[in-house]
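The structure appears below as structure tokens.
Numbers restart at 1 for each chain; the letters A, B, ... are given by sequence-line order, proteins then strands.
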2 protein chains.
Amino acid sequence: MRMSTKAQYAVRAMVNLNLHSGGSPVSLRDISLRESISLTYLEQLFVKLRRGKLVKSVRGPGGGYLLARPARDIQVDEIIDSVEESLVPVACMDQKHGCLCDDQCVTHNVWHGLGERIRQFLSSITLADLTEEAQRKIKQVNS
Amino acid sequence: MRMSTKAQYAVRAMVNLNLHSGGSPVSLRDISLRESISLTYLEQLFVKLRRGKLVKSVRGPGGGYLLARPARDIQVDEIIDSVEESLVPVACMDQKHGCLCDDQCVTHNVWHGLGERIRQFLSSITLADLTEEAQRKIKQVNS
DNA sequence: AGCATACCCGAGTAAAATTGTCAATTATTT
DNA sequence: AAATAATTGACAATTTTACTCGGGTATGCT
Ligand code: FES
Ligand code: FES
């Protein structure tokens with residue numbers, strides 16, 4: 001039951017993006033340096049984040065990425081969904097119609113319920129929440 | 001964010017064990033046939049379940065495994081713990097003192113909170129709950 | 001135009017984790 | 001003694017993860 005580092009990186013990168021963007025695009029190079037994530041790996045992640053409509057890209061010099069919507073409207077579960085990490089704990093529930101065995105598997109309800117809790121918790125946290133928390137932590141360190 | 005099949009098998013096997021034991025030991029061979037899990041793999045799992053004090057073994061002919069305590073006192077999270085699947089979503093929190101970076105990582109609280117929800121949910125379900133559910137499902141099918 | 005920046009994209013790859021199997025042994029009952 | 005069934009450690013196949021590489025394309029600047 002591990003969250004992949006891909007998902008962890010994606011969340012960190014999004015917080016960092018939001019934290020350092022004053023309305024202008026932030027380049028992956030900057031995020032890469034600040035978060036110590038390889039540039040080429042970040043590129044891979046941001047392609048998916050863009051396809052998930054969480055960020056917009058600006059090409060050319062001075063370009064980079066922008067949030068596609070206000071941070072308050074971006075939930076952590078959406079970030080993880082975008083990088084294609086499933087939040088459902090068992091494979092059989094990944095198909096779009098859910099798993100077929102409602103009344104066969106004894107453990108169906110366990111995994112289904114667990115998946116719902118995970119989704120519920122991660123959707124209750126927004127990128128704005130995390131960014132504010134990060135700002136508070138930075139202040140503490142500097143004081 | 002997947003529950004390993006090892007953990008899934010362990011839960012299924014425990015339910016099956018409880019379901020078919022009328023106080024007498026159940027052999028892994030029986031469970032293997034009923035649940036279509038390879039015998040040798042089951043052996044591996046039950047060594048861990050025994051070490052986790054969830055089952056007792058009885059050797060020799062007519063032997064097998066018994067629950068070490070009443071099903072009502074065995075929680076799903078204990079089964080998963082026994083087969084050594086971590087319920088904490090990130091590696092840094094696995095050490096016994098938890099992760100060190102309380103006030104460094106921005107995402108610390110996300111993973112910590114998530115881990116707590118998972119634990120909470122899985123500890124709220126007992127083996128007795130699942131066994132009763134299984135019995136209901138069997139009746140439905142037969143009627 | 002030419003150059004530098006920075007996103008875009010698919011393929012490939014090495015390491016790690018997962019998911020098992022196999023062979024040999026020990027304990028117990030009949 | 002013979003059959004049953006747990007016990008153990010080593011080992012092998014497969015899959016997933018966590019990346020890198022090599023080339024593209026769009027844009028702005030001089
Ligand atoms: S097939 Fe999905 S829980 Fe049974
Ligand atoms: S080191 Fe564990 S969340 Fe930061």
Side-chain angles (χ1 to χ4, degrees), chain A residues 1-13 17 20-21 24-52 54-68 80 82-86 88-91 94, chain B residues 1-13 17 20-21 24-33 35-52 54-68 80 82-86 89-91 94:
Chain A
M1 210 59 186
R2 277 284 154 72
M3 192 60 71
S4 67
T5 68
K6 184 157 66 170
Q8 296 179 43
Y9 283 170
V11 177
R12 278 170 54 202
L17 167 59
H20 290 91
S21 162
S24 53
V26 179
S27 74
L28 292 189
R29 188 178 147 69
D30 290 350
I31 297 177
S32 164
L33 292 174
R34 281 192 297 255
E35 292 286 335
S36 308
I37 304 172
S38 110
L39 177 60
T40 47
Y41 199 37
L42 269 182
E43 283 174 347
Q44 229 181 74
L45 296 182
F46 272 79
V47 167
K48 292 178 177 170
L49 290 171
R50 182 169 52 80
R51 290 186 186 143
L54 296 185
V55 296
K56 284 182 296 192
S57 66
V58 180
R59 299 175 82 149
Y65 285 94
L66 290 167
L67 292 187
I80 298 173
S82 291
V83 296
E84 288 163 7
E85 164 85 359
S86 171
V88 166
V90 290
D94 249 354
Chain B
M1 210 59 187
R2 277 283 154 73
M3 193 60 72
S4 67
T5 69
K6 184 158 64 170
Q8 296 179 43
Y9 285 170
V11 177
R12 277 171 54 202
L17 167 58
H20 291 90
S21 163
S24 54
V26 179
S27 74
L28 293 189
R29 187 178 147 70
D30 290 350
I31 298 178
S32 165
L33 291 174
E35 292 287 334
S36 308
I37 303 173
S38 109
L39 176 60
T40 48
Y41 198 39
L42 269 182
E43 284 173 348
Q44 229 181 75
L45 297 182
F46 272 78
V47 166
K48 293 178 177 169
L49 291 170
R50 184 171 50 80
R51 290 188 185 140
L54 296 185
V55 296
K56 282 182 297 192
S57 66
V58 180
R59 299 175 80 149
Y65 286 94
L66 289 167
L67 293 187
I80 298 174
S82 290
V83 295
E84 288 164 6
E85 164 85 0
S86 170
V90 291
D94 248 355

Please state how far atom [atom1] in [X] lies from atom [atom2] in [N], giving the value in whole angstrom units.
X       : N      : atom1 : atom2 : answer
B:Gln44 : C:dC22 : CD    : P     : 13 Å
B:Leu28 : D:dT7  : CG    : P     : 8 Å
B:Leu49 : D:dA6  : CG    : C1'   : 14 Å
A:Lys6  : D:dT20 : NZ    : P     : 14 Å
B:Leu42 : C:dT21 : CG    : P     : 10 Å
A:Glu84 : D:dT16 : CD    : P     : 14 Å
B:Arg50 : D:dT7  : CZ    : P     : 4 Å
A:Leu45 : C:dG10 : CG    : P     : 15 Å

Counting only distance, no hydrogens or angles, is the base of C:dT18 paired donor-acceptor with the side chain of B:Glu85 under 3.5 Å?
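No pair found.
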Let me spell it out: for each of A:Arg29 and B:Tyr41, pick the nucleotide of DNA chain C with the closest heavy atom. Which residue's pick is nearer the 5' end?
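Its nearest nucleotide being more 5', the pick is A:Arg29.
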Both A:Arg59 and B:Val58 contact DNA chain C. Taking the nearest nucleotide for each, which residue is further toward the 5' end?
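Nearer the 5' end of the strand: A:Arg59.
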Examine [N]: is either OP1 or OP2 under 4.0 Å from a nitrogen or oxygen in the side chain of [X]? Give yes or no.
X       : N      : value
B:Ser38 : C:dG20 : no
B:Ser27 : D:dT4  : no
A:Ser57 : C:dC8  : yes

Under 3.5 Å, side chain of B:Arg2 to main-chain N/O of A:Val88, donor-acceptor pair present?
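Flag set: sc B:Arg2 to bb A:Val88 pair under 3.5 Å.
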Which donor-acceptor pairs under 3.5 Å do side chains of residues 25-35 of chain A form with protein atoms, sequence neighbours excluded?
{"from": "A:Ser27", "atom 1": "OG", "to": "A:Asp30", "atom 2": "N", "distance (Å)": "3.3"}
{"from": "A:Ser32", "atom 1": "OG", "to": "A:Ile37", "atom 2": "O", "distance (Å)": "2.8"}
{"from": "A:Arg34", "atom 1": "NE", "to": "A:Asn16", "atom 2": "OD1", "distance (Å)": "2.8"}
{"from": "A:Arg34", "atom 1": "NE", "to": "A:His20", "atom 2": "ND1", "distance (Å)": "3.4"}
{"from": "A:Arg34", "atom 1": "NH2", "to": "A:Asn16", "atom 2": "OD1", "distance (Å)": "3.1"}
{"from": "A:Glu35", "atom 1": "OE1", "to": "A:Arg12", "atom 2": "NE", "distance (Å)": "2.9"}
{"from": "A:Glu35", "atom 1": "OE1", "to": "A:Arg12", "atom 2": "NH2", "distance (Å)": "3.1"}
{"from": "A:Glu35", "atom 1": "OE2", "to": "A:Asn16", "atom 2": "ND2", "distance (Å)": "2.7"}

What contact category does A:Phe46 fall into here, base, sugar-phosphate, or nothing, at under 4.0 angstrom with non-hydrogen atoms?
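Here A:Phe46 touches no strand at all.
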B:Arg51 near the nucleic acid: base, sugar-phosphate alone, or nothing, with a heavy-atom cut-off under 4.0 Å?
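Sugar-phosphate contact only.
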Given [options], the nucleotide with the shortest approach to the side chain of [X]:
X       : options               : answer
B:Thr40 : C:dC8, D:dT7, C:dC22  : C:dC22
A:Tyr9  : C:dA6, D:dA18, D:dC19 : D:dC19
A:Thr5  : D:dC19, C:dC22, C:dC9 : D:dC19
A:Pro61 : C:dC7, D:dT8, C:dA4   : C:dA4

Check: A:Leu42 and A:Tyr65 side chains under 4.5 Å, non-hydrogen atoms:
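Of all side-chain heavy-atom pairs linking A:Leu42 with A:Tyr65, none is under 4.5 Å.
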Pairwise 5' ranking along DNA chain D for B:Glu43 and A:Met3, keeping only the more 5' one
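The residue mapped nearer the 5' terminus is B:Glu43.
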Listed by chain and number, what are the salt bridge (Lys or Arg N to Asp or Glu O under 4.0 Å) partners of B:Glu84, not counting sequence neighbours?
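In terms of salt bridge (Lys or Arg N to Asp or Glu O under 4.0 Å), with neighbours along the sequence ignored, B:Glu84 is linked to B:Lys48.
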Which heavy-atom pair separates A:Pro89 from A:Met1 by the least distance, and what is that distance?
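Looking at all heavy atoms of both residues, the shortest contact is CB-CE, 3.9 Å.
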